[in-house]
Amino acid sequence: MRFDCATWLHKARSLPKEEFRREVEKELTGRETEPHELIYFKVYESQIPVIEQALETAALMLGTDKSRGYCLEMICADFLAGANLDNGDPGTLLFSAMRFFRFLPQDQKQLFLEKLSQEVV
């Protein structure tokens with residue numbers, strides 16, 4: 001495979017920095033990446049053990065190859081799903097449930113759909 005430097009030079013000059021970085025990553029890995037941000041917030045030392053334990057537990061449940069950001073997202077989705085059970089926004093609950101479903105392995109998705117169809121009948 002030949003490297004086309006003119007094309008890459010044009011992309012580097014014309015694309016926003018983050019979009020160019022994603023193009024390079026896609027070229028190198030063969031996978032598209034989702035745009036991302038770093039989020040910073042202050043936590044107290046006394047909070048760190050609880051946060052770390054929650055992230056470690058989520059990683060064990062979801063698969064240890066998952067990023068800490070993904071684990072935090074699933075913890076938050078679980079919280080939102082629980083918080084919206086009583087007098088909450090059913091749209092948020094549906095969003096959380098669909099997000100969880102998307103990440104199930106295919107056999108678990110099938111089992112979930114079978115159980116759900118039994119409940120509906």
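This is a predicted model, so every value here is computed, not measured. Heavy-atom basis, side chains included; hydrogens, waters and symmetry copies ignored.
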In Å, rounded to the nearest 0.5 Å, how long is the span from CD of Gln108 to CD of Gln106? 10.5 Å

Looking at CZ of Phe112 and CG of Leu104, how far apart are the two atoms once the value is rounded to the nearest 0.5 Å?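 Between atom CZ of Phe112 and atom CG of Leu104 there are 7.5 Å.
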
So, are Arg22 and Glu25 salt-bridged, with charged N and O less than 4.0 Å apart? no

In plain terms, say whether Glu52 and Arg68 are close enough for a salt bridge, that is, a side-chain N and a carboxylate O under 4.0 Å apart. yes

same_hphob_cluster([X], [Y]) at 4.5 Å side-chain heavy-atom cutoff:
| X | Y | value |
| --- | --- | --- |
| Tyr40 | Ile48 | no |
| Met74 | Met61 | no |
| Phe101 | Leu111 | no |
| Trp8 | Leu15 | yes |

If you draw a 6.0 Å radius around [atom1] in [X], do more than 12 non-hydrogen atoms from other residues or ligands fall strictly inside?
| X | atom1 | result |
| --- | --- | --- |
| Ile39 | CD1 | no |
| Lys109 | NZ | yes |
| Glu114 | CD | yes |

Has the side chain of Gln47 got a donor or acceptor atom that lies under 3.5 Å from a matching backbone atom of Tyr44? yes

Given Lys11 and Thr7, is the side-chain contact (heavy atoms from CB on, under 4.5 Å) satisfied, shown in steps? CA-CA 6 Å; Lys11 286 182 181 188; Thr7 299; 4.0 Å; yes

For Ser46 versus Pro49, what's the shortest heavy-atom pair and its separation?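 So the minimum-distance heavy-atom pair works out to O-CD, 3.6 Å.
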
Using a 4.5 Å cut-off on heavy atoms from C-beta on, say whether the side chain of Phe79 contacts that of Ile75.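 Contact flag for Ile75/Phe79 side chains = no.
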
Would you say the side chain of Thr57 lies within less than 4.5 Å of the side chain of Gln53, judging by non-hydrogen atoms? yes

